[in-house]
Amino acid sequence: MSTTFKLDTSTSRANPRPQPMRRLSVPKIQGRKVDGVTAEPVVMLTAYTARTAQLLDAHCDMLLVGDSLAQVIYGLDSTIPVTLEMMCNHGAAVVRGSYHSVVVVDMPFGSYEASPEKAYESAAHILKETGAAAVKLEGGEVMAETVAFLVQRGIPVVGHVGLTPQAINVLGGYAARGRSDAEAKKIVGDAVALDQAGAFAIVLEGVLEPIAIEATKAVKAITIGIGASAQCDGQVLVTEDMLGMFDRTARFVKRYHNIAEQIDQAAQQYAGEVRERSFPGPDQLYQPKNSDISLIPPILRSACGNGQ
Ligand code: KIV
């Protein structure tokens, strides 16, 4: 798509300011898959801040406020400690920073598993607090009843199967899933169960490629691969991973940039200039205008080199 914004002047009473462009909707994303074929793959990246959302928005169809913010933003070991409040704060920032993409917010561990009612309460809270269009939750068949409960009550849901990081304490690690026949079958079955429950999209994370291809063919929902297959209906990556923010990433991450190196170089140059007193320089300083000299308090005149 074009990265040039067109001003959308058809304002509403609810939002009287003209927007740069109309936001995509969940039905528009769903409509990309026709008779099992997605001619235009869905582009998704994670975002946790307004500025990142601004930079990614024009290039993406969906922005995911992932609970991966645990590791990326908060330096936590896993996604387990993430709270609803954290997701709401970052979700609202991403909605404020975007005009075009469908914003999806992850439901944090412990906010939805106990019952469909608990999940509804948490999901409604997220949508009210953030203005996002959809929530994402982890788990397959076991979550199908909950997904149906949310969708039937007006909350669009993205499912997430395969490697599900919130289950780290059960899985024991972040290795790819589906190496046994039984596990492969289970993952495809999980995707089908979520599809039948009404999930409009399903993230397939860290699965053997044939599983991703089979699941993509088996469901009406848009499959979004991460460590899955280019034949999924779309792809997602953690933005900081693909920008090269971290030294170690999963095998499925492709680095499109080396932002960690660039930050390191910039910080090194800044530190050097501060230490040698060459920053701030003339371009970054405010000086009294000569014509205003009579307005400068005498005590400042000599410091400014205007001792008269
Ligand atoms: O939390 C997250 O960022 C995710 C993606 C990796 C799919 O769930």
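These numbers were taken from a predicted model, which means no experiment stands behind them. Every number for a ligand or one of its atoms is a count from 1 in the order of the listing.
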Fill in: Polar proximity ligand 1 side, Y48 side, N/O cut 3.5 Å exclusive
no
Worksheet item: Considering only protein heavy atoms, which is closest to atom 3 (O) of ligand 1, and at what distance to one decimal place?
Response: S68 OG, 2.5 Å
Discussion item. Quick one: does any side-chain atom of Q196 pair with a main-chain N or O of A193 as donor and acceptor, under 3.5 Å?
Written reply: no
Worksheet item: Taking only residues at least two apart or on different chains, which pairs with a member in residues 80-92 satisfy side chain to side chain donor-acceptor pair (under 3.5 Å)?
Response: Y74-H90
Worksheet item: Can you list the atoms of ligand 1 that are under 4.0 Å from a heavy atom of T46?
Response: 3 (O)
Response to the item:
Closest non-hydrogen contact found for Q235 with G225 is OE1-O, 3.0 Å
Item to complete: Could you tell me whether the side chains of S278 and E276 share a donor-acceptor contact shorter than 3.5 Å?
Response: yes
Worksheet entry | Contact atoms of ligand 1, heavy-atom distance to H160 under 4.0 Å | 8 (O)
Item to complete: Identify the heavy atoms of A228 and C232 that sit nearest to each other, and give their distance.
Response: CB-SG, 3.9 Å
Discussion item. Closer than 4.0 Å to some heavy atom of D106 - which atoms of ligand 1 meet that?
Written reply: 1 (O), 2 (C), 8 (O)
Fill in: Identity and distance of the protein heavy atom lying nearest atom 6 (C) of ligand 1
I226 CD1, 3.6 Å
Worksheet item: If you count the atoms of ligand 1 from 1 in the order shown, which ones are under 4.0 Å from a heavy atom of G66?
Response: 1 (O), 2 (C), 3 (O)
Worksheet entry | Backbone or side-chain N or O of E205 under 3.5 Å from ligand 1 N or O | no
Worksheet item: Is it the case that R248 places NZ or CZ above or below the six-membered ring of F246, under 6.0 angstrom from the centre and within 45 degrees of the axis?
Response: no
Worksheet item: How far is atom 5 (C) of ligand 1 from its nearest protein heavy atom, and which residue and atom is that?
Response: L64 CD2, 3.7 Å
Worksheet item: Among protein heavy atoms, which sits nearest to atom 8 (O) of ligand 1, and what does the distance come to when rounded to 0.1 Å?
Response: K136 NZ, 2.9 Å
Item to complete: Verify whether one side chain among Q265 and Q269 offers a donor that lies under 3.5 Å from an acceptor in the other.
Response: no
Discussion item. Is there a polar contact between ligand 1 and D67, counting only N or O atoms under 3.5 Å apart?
Written reply: yes
Fill in: Distance-only side-chain donor-acceptor flag, Q166 / T79, under 3.5 Å
no
Worksheet item: Under a heavy-atom criterion of less than 4.0 Å, does E138 contact ligand 1?
Response: no
